[in-house]
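A short worksheet on the structure shown next.
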Amino acid sequence: MHVSSIVWKIKRFFNIGSERKLKKAIKLINILAQEVIRQRRKLGFSNHKDLLSRFMQGDIVNETYLRDIVISFLLAGRDTVASASTSLFWLLAENPRVAERIREEANEVLGLNQELTSCEQLRDLHYLQACVYESMRLYPPIQFDSKFCLEDDFLPDGTFVKKGTRVTYHPYAMGRMEELWGVDCLEFKPERWINKDGVFSQENPYKYPVFQAGVRVCLGKEMALVELKSMALSFLRRFNVELVHPSHHIPRFSPGLTASLRGGLPVFVREIKCTT
């Protein structure tokens with residue numbers, strides 16, 4: 001048994017230190033989740049089509065189940081999209097030519113000063129899609145993840161994996177591997193996702209496991225992409241973003257389930273004057 005596993009068990013038994021803080025944090029999160037459920041019940045859910053209402057209408061419904069659903073929304077949805085948005089705007093501020101190309105593409109697809117009106121239009125914005133994917137290649141919202149082996153198995157290269165083994169993969173590191181992405185792997189280069197016809201070209205999800213892959217692919221993938229792209233597009237067509245502290249160095253992240261910039265991202269936001 002590792003010493004670390006003994007230490008946290010002692011802390012939990014005596015309710016001291018980090019385990020005491022963790023207990024308080026979990027209690028606070030549970031209160032938040034229960035309040036979300038209470039508000040949905042108060043407003044009614046039988047005629048609503050949001051995800052929580054759909055779960056509340058299901059056959060298996062209890063407070064613990066609904067609480068876990070809400071917490072999953074918060075961790076897997078809100079925080080990851082916020083993380084991806086922050087990294088994207090940091091990269092766009094560092095690469096203004098890319099932001100300008102996004103605006104040009106939007107004017108070509110939507111029309112000058114015309115609003116986005118459909119998902120079909122969003123799908124036609126190939127360069128925007130490439131920017132979002134390239135941003136998450138360099139700065140994935142979940143920088144590493146783990147799976148546990150249910151039965152004895154073998155990896156594709158023949159490595160034996162014993163039942164119960166924890167296998168961790170690291171999208172942050174994989175996005176910086178020269179053998180996967182070439183000698184320019186450290187560059188923010190959305191063009192690497194565009195084929196010769198100017199269309200966004202998807203990579204093998206096992207090479208780009210930001211949304212996981214196979215049967216474990218992220219259920220919220222498409223919704224997250226729509227959120228990211230529509231928000232970024234709406235913002236960039238109205239504003240320029242400049243860093244308060246221009247840096248040109250890799251940002252530092254705070255430890256946690258999702259990657260968050262230490263100290264946030266201070267920026268200047270300047271309105272773009274409309275042209276007719």
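Throughout, residue positions are numbered sequentially from 1 according to the sequence presented.
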Short question: side chain of [X], backbone of [Y] - any donor-acceptor pair under 3.5 Å?
X	Y	value
Thr86	Ala82	yes
Arg237	Arg103	no
Ser83	Asp79	no
Glu105	Tyr127	yes
Gln212	Cys218	no

Item to check | Lys/Arg cation over aromatic Phe55: Arg67, 6.0 Å, 45° cone | outcome: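 No, Arg67 and Phe55 do not form such a contact.
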
Checklist entry - Within 45 degrees of the axis of the six-membered ring of Tyr133 and under 6.0 Å from its centre: does Arg137 put its NZ or CZ there? => result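 Not flagged: Arg137 not positioned over aromatic ring of Tyr133.
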
Consider only side-chain heavy atoms of I, L, V, M, F, W and Y, link residues closer than 4.5 Å, and tell whether [X] and [Y] are in one cluster.
X	Y	value
Val109	Ile194	no
Val167	Phe211	no
Leu186	Leu92	no
Phe89	Val244	no
Val210	Leu180	yes

Taking the side chain as every heavy atom from C-beta outward, state whether [X] and [Y] have any atom pair closer than 4.5 Å.
X	Y	value
Glu178	Val183	yes
Trp181	Lys189	no
Leu128	Phe200	no
Val241	Phe268	no
Glu94	Phe188	no
Ile142	Thr258	yes
Val217	Pro205	no
Met136	Val132	yes

Report, as yes or no, whether the 6.0 Å neighbourhood of atom [atom1] on [X] holds more than 12 heavy atoms from other residues, nucleotides or ligands.
X	atom1	result
Tyr169	OH	yes
Phe13	CZ	no
Arg216	CZ	no
Leu155	CG	yes
Lys147	NZ	yes
Arg166	CZ	no
Met231	CE	yes
Lys23	NZ	no

Side-chain ion pair, [X] and [Y], N-O less than 4.0 Å:
X	Y	value
Lys11	Glu19	no
Glu100	Arg97	no
Glu63	Arg41	yes

With rounding to the nearest 0.5 Å, note down the distance linking [atom1] in [X] to [atom2] in [Y].
X	Y	atom1	atom2	answer
Asn30	Asp68	CG	CG	8.5 Å
Glu203	Arg192	CD	CZ	9.0 Å
Arg176	Met174	CZ	CE	13.0 Å
Met56	Ile69	CE	CD1	11.5 Å
Trp8	Ile10	CH2	CD1	11.0 Å
Asp124	His126	CG	NE2	5.5 Å

Checklist entry - Quick one: which of Val36, Ile37, Ile71 gives a side-chain contact (heavy atoms from CB on, under 4.5 Å) with Leu66? => result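 Result for side-chain contact (heavy atoms from CB on, under 4.5 Å) with Leu66: Ile37.
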
Next on the checklist: For a side-chain contact (heavy atoms from CB on, under 4.5 Å) check, start with the C-alpha distance between Val226 and Lys229, then their side-chain angles and the critical distance, and finish with the verdict.
Outcome noted: CA-CA 5 Å; Val226 168; Lys229 291 190 293 182; 5.6 Å; no

Closest approach of [X] to [Y] (non-hydrogen atoms, all atoms of both residues):
X	Y	answer
Lys221	Gln202	NZ-NE2, 3.7 Å
Leu138	Cys185	CD2-O, 3.6 Å
Phe253	Arg262	O-NH2, 3.1 Å
Leu228	Val81	CD2-O, 4.0 Å
Ala84	Ser135	O-OG, 4.3 Å
Ser230	Glu227	OG-O, 3.3 Å

Item to check | Between Trp193 and Gln129: side-chain donor-acceptor atoms closer than 3.5 Å | outcome: no

Checklist entry - Stepwise, does the side chain to side chain donor-acceptor pair (under 3.5 Å) test hold for Asn95 with Arg101? => result CA-CA 10 Å; Asn95 298 270; Arg101 179 67 191 101; over 6 Å; no

Checklist entry - Going by the angle between their ring planes, with limits at 30° and 60°, are Tyr139 and Tyr172 parallel, tilted or perpendicular? => result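 Tilted.
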
Checklist entry - Would Leu28 and Leu32 satisfy side-chain contact (heavy atoms from CB on, under 4.5 Å), going step by step from the backbone distance to the final call? => result CA-CA 6 Å; Leu28 184 61; Leu32 172 62; over 6 Å; no

Next on the checklist: Leu125 vs Leu122, test: side-chain contact (heavy atoms from CB on, under 4.5 Å). Steps then yes/no.
Outcome noted: CA-CA 5 Å; Leu125 297 170; Leu122 199 59; 4.1 Å; yes

